[in-house]
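Let me begin by presenting the structure, written as structure tokens, before commenting on it.
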2 protein chains.
Amino acid sequence: MSRQATIKDVAREAGVSTFTVSKALRNQPHVAPETRKRVLRAAARLNYSASKSAAALVSGKTKRVALLIGEQITGWFNGNIQEGVYDVLSTHGYDLLIYRAGTSEERAAFFRNLPAKRNADAIIVVSFTLAQKETKALQELDMPIVAIHSGATSFSQGSIRIDDCESEIEAVQHLASLGHTRFCFLDRFNPLPEYSWGANQRIIGYKKAIDRYHLVDCGVLTMDPDREHPARTAADRIASMTPAPTAICAWSDDCALALLSELRQAEIRVPDVVSIMGFDSSDVAALAGLSSVAQPARDIGAEAARKALQLINGSPLTEPHTQVKTHIIDRATTGPAPRDEGR
Amino acid sequence: MSRQATIKDVAREAGVSTFTVSKALRNQPHVAPETRKRVLRAAARLNYSASKSAAALVSGKTKRVALLIGEQITGWFNGNIQEGVYDVLSTHGYDLLIYRAGTSEERAAFFRNLPAKRNADAIIVVSFTLAQKETKALQELDMPIVAIHSGATSFSQGSIRIDDCESEIEAVQHLASLGHTRFCFLDRFNPLPEYSWGANQRIIGYKKAIDRYHLVDCGVLTMDPDREHPARTAADRIASMTPAPTAICAWSDDCALALLSELRQAEIRVPDVVSIMGFDSSDVAALAGLSSVAQPARDIGAEAARKALQLINGSPLTEPHTQVKTHIIDRATTGPAPRDEGR
DNA sequence: CTGAAAGCGCTTACAG
DNA sequence: CTGAAAGCGCTTACAG
């Protein structure tokens, strides 16, 4: 393969100056339609596409947005955030750069090297609570910051999130309205307490609701992924709880689903004996008929990207900090509390 | 915030030339230890980090690798591929750029605009079967191509994959060795046939195994995510199959898990009456105790990135096209075939 | 509406 | 071991 065509080649081919080529290709005004057409044809003929590096160097705009992910890239939430961010970036000609700050070493390395520096026009931070000096480091990036699901939002020019606490309260309230009084919370299975971005707000909401509506908390469970068959252990514990819960609120759909099949295996019928409510309303939840608190992760990602783009263009955000509503979807794992309450 | 420091600022601060700064900061030889130290200190003091754009422009190396994802970014497989790719890129100072070619419009746009052009040093293509002219377009990128799970591999300089067909054969064989003779296959729920990257190889393997070992295929099921409660419908269909299958092979863990809880709800005990085998061995599978065909997605991603890096450095690949083994993990959803075979 | 020139911030031969 | 100069491929004032 020969070398890539440059703007000069196109200029020569079209018989104009590089200035005109640059203007024409970026759809800028003040180019004669005829000239523009000639340039476009020449560019197509030479298979030309501009070097982003060169453009970035002179314009100071990289046409890239960085997504900094706490914890891990994988998973329903972060995955859908990525989809949403990509949805809007791609339609605006921006590229998506991924950074992960999972383990503490990785995290330290990110803030030490700051690889995003001068390498993107904005950064979106997701599922991340920043330490004091990390905030400072981020500011050094000298680019707009948008936060998704971040504890504090003071360091960002824009943010978007759901209210985890309130959402969980609503879930409990909903189940209480179905007659449930004895509850149990199934916590996330891979807690990284040091990095928590408000993930614990769900359980806080749960406990608040228990108090507020005078319900009974039968206990909080965690599944340990390093043990053999964690879901069965959890199901066994639930079976032996006294009093026995009739409603289970899970931290996520994945937790809920794993438990669900074990409850049924143990012949604790769902929703006849126990109701179970997931969180997220992921694809699998819909497939499996799992009731769940739905959060619009993809929309959240898209909105974050929109904010980033606005910030890049220097327009002030009409609503810098957005809170998104969740809603409860009743599928086949929630129902009225069983009659024989005194089980 | 004032403008970012440039290499000139550092040179002035350290009292050397920009040449020396450049050398020193990139850990290149032929710089006196004393000089290097002085440069590093000056850079730290000014909070300097080199502009990748400028470096890319002159060196021709962007220090970025693009990941082109077929279908969607979300999901266990693509997510873990991303983690693996990131694992090795980040330790080598490379950035990760994401491109998605999901819908056909998006796909067309990608190959029309070729946003990765001159924007990365290599491209990794995942879960993607390319049309003739797409292959040509990709070649125009003029950078090394590494394919993950791609049907044809002729367009790539390196590739890595599992053998979906063989893996499924082994799954069936394993269940047959447990005494099962009547099988059923639960297909993926979001098939995009036009883009299939060999995803259908699993079902082909299933059918091959049925033939080879003289087993009975009781049918192939698909869950339609657009219908109400797809898993229950699938469970009902299985319950009414004659002859009734005693072993179910699922396209993925997610499918399997959704079905599992419904089977148990319908009092079709697993594994007592029916065994079910997932595919992937995802986190949730381990949690839920789902038996599964394990594929090392993260390792595959890492290896693909390693190949890309080698190719970038111009070293020939010792093993350009790698095939990775899967292995079966028996958890709590597979067991011996039930005695009363004539159910 | 179009052009010639300067310059973005680096790296890379070429010298010494 | 270090420096002065050229140049990567664009965009951006400045002219006309």
Side-chain angles (χ1 to χ4, degrees), chain A residues 2-40 42-43 46-64 93 95 115 117-121 142 312, chain B residues 2-40 42-43 46-64 93 95 115 117-121 142 312:
Chain A
S2 58
R3 88 193 196 330
Q4 303 270 359
T6 74
I7 199 172
K8 275 191 185 172
D9 299 322
V10 180
R12 196 178 312 115
E13 178 85 6
V16 296
S17 71
T18 60
F19 165 87
T20 306
V21 174
S22 177
K23 280 274 187 208
L25 256 30
R26 285 178 302 143
N27 279 318
Q28 291 200 353
H30 306 302
V31 179
E34 249 317 307
T35 316
R36 171 162 292 152
K37 223 182 287 171
R38 219 165 56 235
V39 171
L40 289 177
L46 296 177
N47 222 303
Y48 171 77
S49 63
S51 155
K52 284 207 185 190
S53 297
L57 181 56
V58 47
S59 71
K61 298 288 178 193
T62 62
K63 285 278 194 173
R64 278 189 291 271
D95 281 333
K117 197 168 182 179
R118 303 216 250 173
N119 217 358
D121 299 334
D142 204 15
I312 289 173
Chain B
S2 59
R3 88 190 196 331
Q4 303 270 358
T6 74
I7 198 172
K8 275 190 186 174
D9 299 323
V10 180
R12 196 178 313 117
E13 178 86 6
V16 297
S17 71
T18 61
F19 165 88
T20 305
V21 175
S22 177
K23 280 273 185 209
L25 257 29
R26 284 178 303 143
N27 279 319
Q28 290 201 354
H30 306 302
V31 179
E34 249 318 307
T35 316
R36 170 160 295 152
K37 224 181 287 172
R38 217 165 58 236
V39 170
L40 289 178
L46 296 176
N47 221 303
Y48 172 77
S49 64
S51 156
K52 283 208 185 188
S53 297
L57 182 56
V58 46
S59 71
K61 298 289 178 192
T62 63
K63 286 278 194 173
R64 278 190 291 272
D95 281 333
K117 198 168 183 178
R118 303 216 248 173
N119 217 356
D121 300 333
D142 205 12
I312 288 172

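This is a predicted model, so every value here is computed, not measured. Proteins get letters first, then strands, A, B, ... in listed order; numbering begins at 1 in each.
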Problem - Side-chain donor/acceptor of B:N119 to backbone N/O of B:P115, under 3.5 Å - result: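 Here the side-chain-to-backbone pair exists.
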Exercise for the section: Might you confirm whether atom CD of A:Q28 has over 12 heavy atoms from other residues, nucleotides or ligands at distances under 6.0 Å? Expected result: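 More than 12 within 6.0 Å, yes.
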Exercise for the section: Nearest-nucleotide wise, let me know which of B:R36 and A:S49 is further upstream toward the 5' end of DNA chain D. Expected result: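 Its nearest nucleotide lies further toward 5', so the answer is B:R36.
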Handout entry: Nearest-nucleotide comparison on DNA chain D, the residue closer to the 5′ end among A:A50 and B:S17
Key =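 It is B:S17, whose closest nucleotide lies nearer the 5' terminus.
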Exercise for the section: Just do the side-chain contact (heavy atoms from CB on, under 4.5 Å) check on B:D95 and B:K52 with the steps written out, would you? Expected result: CA-CA 11 Å; B:D95 281 333; B:K52 283 208 185 188; 2.9 Å; yes
Exercise for the section: Working to the nearest 0.5 Å, report the span between CG of A:D9 and CG of A:L46. Expected result: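 A:D9 atom CG to A:L46 atom CG measures 6.5 Å (nearest 0.5 Å).
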Handout entry: Among B:V39, B:L25, B:L40, side-chain contact (heavy atoms from CB on, under 4.5 Å) partner for B:Y48
Key =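 Filter result, single survivor: B:L25.
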Problem - Non-neighbouring partners of A:A42 that pass side-chain contact (heavy atoms from CB on, under 4.5 Å), sequence neighbours left out - result: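 For A:A42, the residues satisfying side-chain contact (heavy atoms from CB on, under 4.5 Å) (neighbours in sequence not counted) are A:V10, A:E13, A:A14, A:R45.
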Problem - B:V21 vs A:T20, nearer the 5' end of DNA chain C by closest nucleotide - result: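 Counting from the 5' end, the first nearest nucleotide belongs to A:T20.
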Handout entry: Given DNA chain C, 5'-ward residue of the pair A:T35 and B:V58, judged by closest heavy atom
Key =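 Closest to the 5' end, via its nearest nucleotide, is A:T35.
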Problem - Where chain A begins and ends its contact with DNA chain C, read 5' to 3' at 4.0 Å from heavy atoms - result: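 Reading along DNA chain C, I get C:dC1 to C:dC10.
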Exercise for the section: Report which part of the nucleic acid B:R118 touches: base, sugar-phosphate, or nothing (heavy-atom distance under 4.0 Å, all strands). Expected result: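 Here B:R118 touches the backbone only, sparing every base.
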Practice task
Give one of base, sugar-phosphate or nothing for B:S53, where a contact means two heavy atoms less than 4.0 Å apart.
Solution key: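 Nothing, no heavy atom under 4.0 Å.
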Problem - Assigned partner base of C:dG3, Watson-Crick or wobble definition, under 3.5 Å - result: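 WC or wobble partner is D:dC14.
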